[in-house]
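Input: a single structure, listed below in structure tokens.
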2 protein chains.
Amino acid sequence: MTITPITPADSGIRVAVSTVIFSQRDGRIVLPLVRRTRDPHEGQWALPGGWVDAAENLDATASRTLAETTGLAPSYLEQLYAFGDIGRSPERVVSIVYWALVREDVARAAEQHNVEWFDVSELPELAFDHTQIVDYALWRLRNKVGYSRIAHGFLPSHFTLADLREVYESILGKRLDPANFRRQVENSGTLIPTDDFRTGSHRPARLYRYNHDVELAERGPLPH
Amino acid sequence: MTITPITPADSGIRVAVSTVIFSQRDGRIVLPLVRRTRDPHEGQWALPGGWVDAAENLDATASRTLAETTGLAPSYLEQLYAFGDIGRSPERVVSIVYWALVREDVARAAEQHNVEWFDVSELPELAFDHTQIVDYALWRLRNKVGYSRIAHGFLPSHFTLADLREVYESILGKRLDPANFRRQVENSGTLIPTDDFRTGSHRPARLYRYNHDVELAERGPLPH
DNA sequence: GCAAAAGTGTTGTGATTACACCCATGC
DNA sequence: GCATGGGTGTAATCACAACACTTTTGC
């Protein structure tokens, strides 16, 4: 039996993957952009990404392009949305966009050439529809921080409650009550207190580590 | 200036759109499947869908294939996920999957040939990875019903609180307290009481209509 | 001692739950 | 009348926010 394509394999549609990578730095949310070296939009800043190879899964493409940018594995990676409007590029391109979180220390360790990290509130003009894509990724991030534990994805293995609170505050853009914040996260069962403290200023703060028995976010029946 | 494709236009990857269409019938969630008329998986049941035309937006393709199945416009339509694993089809196919809600009366009015509606708890074996896709769509539906008003998408323009409660109960798979349910939805501001009542058995029940000033679900910065 | 962050205690408020109870209709 | 679903009332509970207060460090 033969397989009969209904459209020719050359359908005029190409498939790309881009990734919105978030990290945290000095209480700000930052993301890496690459400068385009060819048309269209040569010279403009764009999200890191690449074409999907016929023998490579979408997730793998996202991981690969992410590694090529930050040099290391993310602490969280999730598909965001498929953008495929006709006018978003001179040729017809469907972009499967992912979003990722990388820890602050990981991001700092692997700075690359022609990659620059920008504060999300001070982004330059972006190529294609990437401004809209970043807006949507930010919306998802702010939403998801309210009902999951993804904020931990920004932090190194050991951290204080003030560190974690700072992450929440920079994502949500508002101050949180330290006392109530402490109780909320203590009751969530996602943190394991250690016997170590961070000293240096004022009263030492206890260091916590993440309880890896609980997922950063519920993903439903999708394979992880 | 010339555009230089990095991969040839014939990348060996084709782009399709499929849609998981939900409706409600006798307290059960049902969805339409089409029988495949060619290989691969000839004769098996599959989600309605089609190839993306180079001149057609993804949303438009979803609406079109949905119309070809149910014959009418959905009350809710949202992108679900892009499935693109290597092994999911003999050829490399990236499927942008949407999910939709259609009102019970709309679904009943437009029954089509070679389309059959199945109870989601009694699905046959499906082609490709469509079983997994339906599982994920159901998970999203059950989640979203908890924090949005999409359940209204199943109902005709006028309905009783018992109708609405039945929708919630069939989605969530559990009974809800009628008294508390009433207060919750009355306080949500999404319902407008009418002066009409449904009679026929016991005490007549007031008919409500949906307040179209509030969206069925918050979609963030994505264009609707 | 003093400032400041770490950490604890207390109180009020609003949403949710469980359930008792009344109302209006068909039979 | 009586069974049944429509609709109201109410008290207990819980999560959360606001804020006063104590503890422990650096200087």
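We use all heavy atoms of the structure for the numbers below, so side chains are in, but hydrogens, waters and symmetry mates are not. This is a predicted model, so every value here is computed, not measured. Order of the sequence lines fixes the chain letters, A, B, ..., with proteins taken first and strands second; residue numbering starts at 1 for each chain.
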Requested in this report: Rounded off to whole Å, could you give me the CG-to-P distance for the L176(B) and dG6(D) pair?
Outcome: 14 Å
Report task. Could you tell me whether the side chain of E104(B) reaches within less than 4.5 Å of the side chain of F154(B), counting heavy atoms only? Result -> no
Query raised in the report: Roughly, in whole Å, what's the span from CG in N187(A) to C1' in dA15(D)?
Result: 10 Å
**Report entry** Nucleotide of dT8(D), dA18(D), dG7(D) approaching R203(B) most closely (side-chain heavy atoms)
**Finding:** dG7(D)
Report task. Choose from dT24(D), dG7(D), dA18(D) the nucleotide whose nearest atom is closest to any side-chain atom of D177(A). Result -> dA18(D)
**Report entry** From CA spacing to verdict: side-chain hydrogen bond (donor to acceptor under 3.5 Å, both in side chains), Y98(A), D59(A)
**Finding:** CA-CA 8 Å; Y98(A) 283 74; D59(A) 295 10; 2.5 Å; yes
Requested in this report: Look at R198(B) and dG5(D) and indicate whether a side-chain polar atom (N or O) is within less than 4.0 Å of OP1 or OP2.
Outcome: no
Report summary line: Separation of dG5(D) atom P from E166(B) atom CD, nearest Å, is 13 Å
Query raised in the report: To the nearest Å, how far apart are Q184(B) CD and dT8(D) C1'?
Result: 16 Å
Query raised in the report: Any salt bridge between D119(B) and R25(B), counting N to O under 4.0 Å?
Result: no
Query raised in the report: More than 12 heavy atoms of other residues, nucleotides or ligands under 6.0 Å from CD of E68(B): is that the case?
Result: yes
Query raised in the report: Between which nucleotides of DNA chain C, 5' to 3', does chain A make heavy-atom contacts below 4.0 Å?
Result: dA4(C) to dT10(C)
Report summary line: Output field dot_bracket for DNA chain C (Watson-Crick or G-U, both distances under 3.5 Å, | for other-strand pairs) contains |||||||||||||||||||||||||||
Report task. Find which nucleotide of DNA chain D each of R183(A) and H202(B) is nearest to by heavy atoms, and output the residue with the more 5' nucleotide. Result -> H202(B)
Query raised in the report: Among all residues two or more places apart in sequence or in another chain, which pass the ring-ring contact (aromatic ring centres under 6.0 Å, His included) test with H152(B)?
Result: F159(B), Y210(B)
Query - Between dT23(D) (C1') and R206(A) (CZ): distance, integer Å - result: 14 Å
Requested in this report: Using heavy atoms to find the nearest nucleotide of DNA chain D for E186(B) and P204(A) separately, return the residue whose nucleotide is more 5′.
Outcome: E186(B)
Report task. Answer yes when R165(A) and E169(A) have at least one side-chain N-carboxylate O distance shorter than 4.0 Å, and no when they do not. Result -> yes
Report task. Would you check, one step at a time, whether the test side-chain hydrogen bond (donor to acceptor under 3.5 Å, both in side chains) holds for N180(A) with R183(A)? Result -> CA-CA 5 Å; N180(A) 295 330; R183(A) 270 181 294 253; 3.0 Å; yes
Query raised in the report: Could you give the OH-to-P distance, from Y208(B) to dG6(D), as a whole number of Å?
Result: 11 Å
Query raised in the report: Starting at the 5' end of DNA chain C, which residue's closest nucleotide do you reach first, A162(A) or S201(B)?
Result: A162(A)
Query - Donor + acceptor pair across side chains of W99(A), E78(A) (<3.5 Å) - result: yes
Query raised in the report: Is the shortest distance from a Lys or Arg side-chain nitrogen in R103(B) or D105(B) to a carboxylate oxygen in the other one below 4.0 Å?
Result: yes
Report task. Nearest whole angstrom, please: distance from the C1' of dT23(D) to the CZ of F197(A). Result -> 12 Å
Query raised in the report: Nearest-Å distance, CZ (R165(B)) to P (dG5(D))?
Result: 10 Å
Report task. Identify whether any heavy atom of A179(A) sits under 4.0 Å from a base atom; if not, whether one sits that close to sugar-phosphate; answer base, sugar-phosphate or nothing. Result -> base
**Report entry** Sidechain N-carboxylate O distance under 4.0 Å for D196(B), R206(B)
**Finding:** no
